[in-house]
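Computed from heavy atoms alone, side chains included, the values below leave out hydrogens, waters and symmetry copies.
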Amino acid sequence: MAYWLMKSEPDVFGIDDLQRAGVEPWDGVRNYQVRNMIRDRMQVGDLAFFYHSNCPVPGIVGIMRICRAGYPDQSAFDPQHRSFDPKSEPANPRWYCVDVEFVTKFRGVISLAWLKRQPQMAECPLVQRGNRLSIMPLTEAQWNFISDHSQWR
DNA sequence: GCCAACGTTGGC
DNA sequence: GCCAACGTTGGC
């Protein structure tokens with residue numbers, strides 16, 4: 001089983017939206033490095049932290065579970081969708097998504113500012129300069145370090 | 001709202 | 001294949 005961190009802007013789709021929906025496609029990824037992870041590496045049963053980006057307190061707000069492995073991102077085919085990409089065709093899809101299901105919402109935010117101060121997180125792309133991955137793998141040690149901070153949950 | 005960092009595009 | 005221009009991400 002693998003561990004992930006997945007970013008979303010709460011103004012667009014936040015942890016509360018996922019809690020309401022239960023299960024949602026994690027669509028709209030338009031970065032090839034991230035596409036490859038979705039398509040080739042994410043498996044049913046993997047766990048992921050839900051990260052709120054581009055908001056007053058960016059950070060980890062909960063946990064979700066991958067409940068469907070990579071499949072073609074339907075939003076790329078829809079001209080009305082904000083993530084529409086005319087270069088992706090159903091016969092030859094360019095973009096992929098997974099389905100995620102809600103597991104837990106933390107009582108507080110495990111903020112990026114706090115994560116940056118933890119030596120255990122120094123190797124995580126999240127805290128490194130210029131990182132632009134909207135989905136990134138975490139080591140088991142990083143996952144356990146964060147989830148063991150139960151005072152946040 | 002600003003802007004650094006980085007990815008993509010397209011002319012040549 | 002180079003690289004300038006442009007678009008996007010996302011913290012602050």
What nucleotide, of [options], holds the atom closest to the side chain of [X]?
{"X": "A/Y32", "options": "B/dT9, C/dC12, B/dT8", "value": "B/dT8"}
{"X": "A/Y51", "options": "B/dG7, C/dG11, B/dA5", "value": "C/dG11"}
{"X": "A/S134", "options": "C/dC12, B/dG7, C/dG10", "value": "C/dG10"}
{"X": "A/R132", "options": "B/dT9, C/dG11, C/dT8", "value": "C/dT8"}

Considering every strand and a 4.0 Å limit on heavy-atom distances, what is the contact class for A/R30: base, sugar-phosphate, or nothing?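 Result for A/R30 = nothing.
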Is the distance between the ring centroids of A/Y71 and A/W95 under 6.0 Å? no
Check: A/G14 main-chain N/O paired with A/D17 side-chain donor or acceptor under 3.5 Å: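 The answer is yes, because a donor-acceptor pair under 3.5 Å joins these two groups.
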For a quick check under 3.5 Å, do A/R30 and A/S88 share a side-chain donor-acceptor pair by atom type?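 No.
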Could you tell me the separation between the [atom1] atom of [X] and the [atom2] atom of [N], rounded to a whole number of Å?
{"X": "A/D85", "N": "B/dT8", "atom1": "CG", "atom2": "C1'", "answer": "12 Å"}
{"X": "A/M136", "N": "B/dC6", "atom1": "CE", "atom2": "P", "answer": "14 Å"}
{"X": "A/K87", "N": "B/dT9", "atom1": "NZ", "atom2": "C1'", "answer": "8 Å"}

A quick test of your reading: do over 12 heavy atoms of other residues, nucleotides or ligands sit less than 6.0 Å from CD of A/Q120?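 Enclosed.
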